[in-house]
Q: 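Take a look at the following structure, please.
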Amino acid sequence: QVQLVESGGGLAQAGGSLRLSCVASGSIFLINDMGWYRQAPGKQRELVATITSGGSTNYADSVKGRFTISRVNAKNTVYLQMNSLKPDDTAVYYCNAHVLPATYGSSWFTYWGQGTQVSVSS
């Protein structure tokens, strides 16, 4: 079993900051790319940021300059530092990871966390 658990969501004021964390646990051999996605009410899920195992990052245009994705490979953890928050950032944020499970004959598979709510008031 592989599980991803997000934490750090909550309520923030416009211009404030939040830091999201996601920890992957279970029978894991390797983790390649990790990322954050978000889904606002009535909208499709969208990419926020991704990071490779080597630390290369990619961001949605809407969050560039405000959000920073990072990871600690030894802890199977990915972070999303969110600064200068806007009401439009309000959404459920989902962590994902491309994982090779530590079982014989396993294949790479993308896992998703349960989501954490981020609400930004003006």
Side-chain angles (χ1 to χ4, degrees):
Q1 293 182 329
V2 175
Q3 297 178 352
L4 273 61
V5 179
E6 302 100 333
S7 62
L11 179 64
Q13 295 181 339
S17 298
L18 288 172
R19 187 181 189 235
L20 306 183
S21 300
C22 173
V23 180
S25 62
S27 183
I28 296 171
F29 183 66
L30 290 172
I31 302 178
N32 197 346
D33 293 356
M34 305 183 80
W36 290 95
Y37 292 71
R38 67 186 182 186
Q39 187 168 21
K43 298 179 65 177
Q44 297 292 103
R45 187 177 299 186
E46 65 176 353
L47 171 72
V48 177
T50 60
I51 184 167
T52 69
S53 60
S56 297
T57 58
N58 185 61
Y59 297 92
D61 288 341
S62 60
V63 306
K64 285 181 179 177
R66 301 188 299 119
F67 291 8
T68 302
I69 188 171
S70 62
R71 66 191 288 171
V72 179
N73 291 336
K75 298 169 62 177
N76 291 337
T77 301
V78 62
Y79 304 95
L80 186 68
Q81 179 67 48
M82 304 184 294
N83 298 326
S84 301
L85 284 164
K86 304 175 181 179
D88 285 348
D89 295 321
T90 297
V92 177
Y93 284 70
Y94 297 91
C95 168
N96 83 340
H98 198 210
V99 176
L100 181 63
T103 58
Y104 184 81
S106 63
S107 300
W108 289 92
F109 190 80
T110 299
Y111 292 88
W112 292 87
Q114 82 287 350
T116 185
Q117 177 71 49
V118 171
S119 299
V120 183
S121 62
S122 60

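None of these values were measured; they are calculated from a predicted model.
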Q: Can you tell if the side chain of T68 reaches within under 4.5 Å of the side chain of Y79, non-hydrogen atoms only?
A: no
Q: Dump the intermediate steps for salt bridge (charged side-chain N to carboxylate O under 4.0 Å, His left out) on K64 and D61, then the final yes or no.
A: CA-CA 5 Å; K64 285 181 179 177; D61 288 341; 3.1 Å; yes
Q: Is the shortest heavy-atom distance from the side chain of Q117 to the side chain of L11 under 4.5 Å?
A: no
Q: Taking transitive links into account, so neighbours of neighbours count too, which hydrophobic residues share a cluster with L20 at under 4.5 Å side-chain distance?
A: V2, L4, L18, I28, I31, M34, W36, V48, I51, Y59, V63, F67, I69, V78, L80, M82, L85, Y93, V99, F109, Y111, V118, V120
Q: Mind checking what makes side-chain contact (heavy atoms from CB on, under 4.5 Å) contact with N32, not counting sequence neighbours?
A: S53, H98, W108
Q: Answer whether the closest heavy-atom distance between the side chains of T103 and S27 falls below 4.5 Å.
A: yes
Q: State, to 0.1 Å, how close S122 and A14 come at their nearest heavy-atom pair, and which atoms those are.
A: CA-CB, 4.2 Å
Q: If I take atom CZ from residue R71 and atom OG from residue S21, how far apart are they, to the nearest 0.5 angstrom?
A: 14.0 Å
Q: Has Q13 got more than 12 heavy atoms of other residues, nucleotides or ligands less than 6.0 Å from its CD?
A: no
Q: Which distance, rounded to the nearest 0.5 Å, do you find between the CZ of R38 and the OG1 of T116?
A: 14.0 Å
Q: Would you name the heavy atoms of A40 and A91 that are closest together and state the gap between them?
A: N-CB, 3.8 Å
Q: Can you list every disulfide bond (SG atoms under 2.5 Å apart) pair that touches residues 1-60, not counting sequence neighbours?
A: C22-C95
Q: Heavy atoms, side chains only, cut-off 4.5 Å: are T50 and D33 in contact?
A: no
Q: Measure the spacing between OG of S119 and CG of D89 and express it to the nearest 0.5 Å.
A: 11.0 Å
Q: Search all heavy atoms of S17 against all heavy atoms of S84 and return the closest pair with its distance.
A: OG-N, 4.4 Å
Q: Got N76 and S25 here, is their nearest side-chain heavy-atom distance under 4.5 Å?
A: no
